[in-house]
Number of protein chains: 2
Amino acid sequence: MTISEENYIKVIYHLSLVSPKGVNTNAIAGMLDTKASSVTDMMKKLSDKDLVSYQKYQGVTLTDKGLHSAKMIVRKHRLWEVFLVDKLGFSWDEVHEIAEELEHIKSEQLINKLDAFLGFPVADPHGDPIPDAKGVIKKIEKQLLSEVEINASFHCVGVKDSSTDFLKYLDKQKIALGSVVKVIDKEDFDDTLTVEIDGKRLTISNKIANNLYVQ
Amino acid sequence: MTISEENYIKVIYHLSLVSPKGVNTNAIAGMLDTKASSVTDMMKKLSDKDLVSYQKYQGVTLTDKGLHSAKMIVRKHRLWEVFLVDKLGFSWDEVHEIAEELEHIKSEQLINKLDAFLGFPVADPHGDPIPDAKGVIKKIEKQLLSEVEINASFHCVGVKDSSTDFLKYLDKQKIALGSVVKVIDKEDFDDTLTVEIDGKRLTISNKIANNLYVQ
DNA sequence: TTTTATTTTTAGTTTTGTCTAAATTTAATT
DNA sequence: AATTAAATTTAGACAAAACTAAAAATAAAA
């Protein structure tokens with residue numbers, strides 16, 4: 001598989017999680033910052049390689065083979081992110097771009113040794129689950145902070161939006177994975193939350209609460 | 001720089017160490033397993049980018065800019081090799097191929113953090129020197145085992161040939177970097193050596209001795 | 001149910017890096 | 001010095017992955 005093919009497979013995988021019935025050409029083009037016509041060309045190629053099942057105008061889904069490939073790419077991406085944060089001291093908003101390159105390094109032995117070196121982590125620095133060597137993904141139980149009951153305590157376990165802006169906001173507020181969050185109050189008008197994070201009181205917009213996973 | 005351009009620059013760098021007056025088109029083609037005509041095409045491109053100075057039929061040399069790029073690629077390659085051996089437990093004959101891919105990962109911050117994580121090593125697992133962040137290469141004093149005087153003791157500090165076959169031979173004989181070698185005797189007829197390595201007596205052909213660096 | 005709008009595909013180009021085959025230049029030999 | 005051999009370059013072509021513009025299919029609206 002070329003790097004380009006791998007990127008397509010990965011994007012189809014992520015879009016499939018939202019629209020499992022079939023992924024649109026335009027959606028893929030949008031994610032890869034390319035044109036719909038280029039996507040069509042690539043779908044033919046991936047279809048020939050039995051990585052996707054594709055029928056003209058009907059959208060595309062991953063075959064078993066394609067799904068497995070996608071999981072292996074995601075596995076690599078997330079393991080490298082753990083490496084970058086845990087071992088090299090990068091912050092969680094800096095690692096995505098570098099992992100986008102590292103995820104295309106071929107050796108399976110490398111990734112399994114890396115996995116062991118990192119202590120077989122189950123989640124990346126953003127709380128997203130890491131597929132194991134067979135592609136099995138351990139589901140992480142989680143709720144959005146915007147949806148939990150008042151007066152209960154939780155742990156931060158992940159982010160939905162992992163954009164730099166959002167991650168930097170969390171850093172500024174000293175919110176990290178593992179932080180203890182207690183919801184004190186919820187404003188009826190705009191769903192603004194008053195929370196206590198690691199003992200510190202804070203006001204949080206609904207948009208924030210809607211992008212933070214807790215358990 | 002594309003991966004292909006980087007590979008050309010790297011090869012020209014290595015060949016320059018042997019023929020500093022100018023590197024031949026065919027030599028480059030041989031190293032990259034490509035055709036002379038492809039090399040010519042690429043030389044034009046690299047020349048346009050001021051990475052090599054190239055005159056038709058006259059061979060090619062790296063410019064200052066090209067030399068610096070080459071050293072940064074070599075730096076990355078060798079640092080990743082150290083990582084693979086020291087941290088992930090690969091053996092020294094397994095790492096070259098993987099490092100060939102890793103050397104093309106772009107981030108400068110990544111490589112400098114990796115350097116620090118590894119403790120700023122000065123040599124890779126084969127004893128080859130690692131350029132620092134500025135491109136400075138600390139010269140490692142070394143002699144070929146085939147050229148040292150009899151009855152003196154040395155440490156293994158590197159290999160000249162780093163082919164899998166040779167490295168596996170060394171593994172089998174329990175010769176590693178750091179091993180203490182004492183030359184007991186040299187056969188006049190074919191320069192076969194009798195040596196003591198870490199206390200164990202061993203007979204070594206001239207071809208072996210000619211590919212092992214000691215200090 | 002037509003008509004209009006949107007999405008998707010086809011057809012034809014472009015760029016990068018490669019190739020083959022032919023032409024040219026340099027080096028080696030007689 | 002002339003000829004042969006080797007190395008190098010040019011010319012033209014190809015595959016991968018992208019693009020633009022036009023055509024076709026599907027979905028939405030009147």
Side-chain angles (χ1 to χ4, degrees), chain A residues 1-13 15-16 18-62 66 69-70 73 100-101 103-104 106, chain B residues 1-16 18-62 66 69-70 73 100-101 103-106:
Chain A
M1 267 217 261
T2 66
I3 290 177
S4 188
E5 287 170 347
E6 288 193 345
N7 283 331
Y8 274 95
I9 290 293
K10 185 184 54 168
V11 159
I12 295 167
Y13 172 76
L15 291 171
S16 292
V18 182
S19 40
K21 313 262 161 197
V23 177
N24 293 334
T25 302
N26 266 349
I28 298 169
M31 293 280 281
L32 286 169
D33 203 29
T34 185
K35 296 294 153 72
S37 54
S38 307
V39 175
T40 301
D41 288 346
M42 185 57 93
M43 290 314 101
K44 286 175 185 165
K45 191 193 301 185
L46 295 179
S47 184
D48 287 347
K49 291 191 173 189
D50 193 33
L51 291 163
V52 303
S53 71
Y54 165 69
Q55 275 145 250
K56 277 192 196 182
Y57 298 102
Q58 301 311 130
V60 72
T61 55
L62 292 172
S69 302
I73 299 164
E100 287 284 294
E101 288 189 62
E103 74 189 3
H104 300 294
K106 299 264 175 308
Chain B
M1 267 219 261
T2 65
I3 289 177
S4 188
E5 287 170 348
E6 288 193 344
N7 283 331
Y8 274 95
I9 290 292
K10 184 184 53 168
V11 159
I12 295 167
Y13 172 76
H14 287 306
L15 292 171
S16 293
V18 182
S19 40
K21 313 262 162 198
V23 176
N24 294 335
T25 302
N26 266 349
I28 298 169
M31 293 280 281
L32 285 169
D33 204 29
T34 185
K35 294 296 153 72
S37 55
S38 307
V39 175
T40 301
D41 287 346
M42 185 57 92
M43 290 313 103
K44 286 175 186 166
K45 191 193 301 187
L46 295 178
S47 184
D48 288 347
K49 291 192 174 188
D50 194 32
L51 291 163
V52 303
S53 71
Y54 165 70
Q55 275 145 249
K56 278 193 196 181
Y57 298 102
Q58 300 313 129
V60 71
T61 55
L62 292 173
S69 301
I73 299 165
E100 287 284 294
E101 288 188 63
E103 75 189 2
H104 300 295
I105 304 294
K106 298 266 175 308

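In what follows, chains carry the letters A, B, and so on, assigned in the order in which the sequence lines appear, proteins first and then strands, with residues in each chain numbered from 1. Computation of the quantities below employed the complete heavy-atom set of this structure, encompassing side-chain atoms and omitting hydrogens, waters and symmetry-equivalent molecules.
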In whole angstroms, how far is the [atom2] atom of [N] from the [atom1] atom of [X]?
X: Leu32(B); N: dT16(C); atom1: CG; atom2: P; result: 19 Å
X: Met42(A); N: dA16(D); atom1: CE; atom2: P; result: 10 Å
X: Asp48(A); N: dA16(D); atom1: CG; atom2: C1'; result: 14 Å
X: Ile3(A); N: dA18(D); atom1: CD1; atom2: C1'; result: 15 Å
X: Glu5(B); N: dT15(C); atom1: CD; atom2: P; result: 16 Å
X: Gln55(A); N: dT7(C); atom1: CD; atom2: C1'; result: 17 Å

Is there a side-chain contact between [X] and the phosphate of [N], meaning an N or O under 4.0 Å from OP1 or OP2?
X: Lys35(A); N: dT20(D); answer: yes
X: Ser38(A); N: dC19(D); answer: yes
X: Thr40(A); N: dT10(C); answer: no
X: Ser4(A); N: dA18(D); answer: yes
X: Asn24(A); N: dT8(C); answer: yes
X: Asn26(B); N: dA6(D); answer: no
X: Lys56(A); N: dT7(C); answer: no
X: Tyr57(A); N: dT6(C); answer: no

task = Any chance you could lay out the side-chain contact (heavy atoms from CB on, under 4.5 Å) test for Ile28(B) and Val60(B), step after step, and finish with the verdict?
result = CA-CA 10 Å; Ile28(B) 298 169; Val60(B) 71; 3.8 Å; yes
key: Of the listed nucleotides dT9(D), dT26(D), dT9(C), the one nearest the side chain of Gln58(A)   = dT26(D)
query = Among dC19(D), dT18(C), dT26(D), which is the nearest nucleotide to the side chain of Asp41(B)?
reply = dT18(C)
request  = Grab the two heavy atoms, one from Glu5(B) and one from Met1(B), that are nearest each other, plus how far apart they are.
outcome  = OE1-CA, 3.2 Å
query = Where do Ala36(A) and Thr25(A) come nearest, in terms of heavy atoms and distance?
reply = O-CG2, 3.5 Å
ask   = Looking at CG of Leu46(B) and CG of Asp41(B), how far apart are the two atoms once the value is rounded to the nearest 0.5 Å?
value = 11.0 Å
No-H, no-angle donor-acceptor pair, Thr25(B) side chain to dT9(D) base, under 3.5 Å = no
task = Give one of base, sugar-phosphate or nothing for Ser37(B), where a contact means two heavy atoms less than 4.0 Å apart.
result = base
ask   = Mapping Met43(B) and Thr2(A) to their closest nucleotides on DNA chain D, which lands nearer the 5' end?
value = Met43(B)
task = Taking only Lys NZ, Arg NE, NH1 and NH2, and the carboxylate oxygens of Asp or Glu, determine whether Glu100(B) and Lys106(A) approach each other closer than 4.0 Å.
result = no
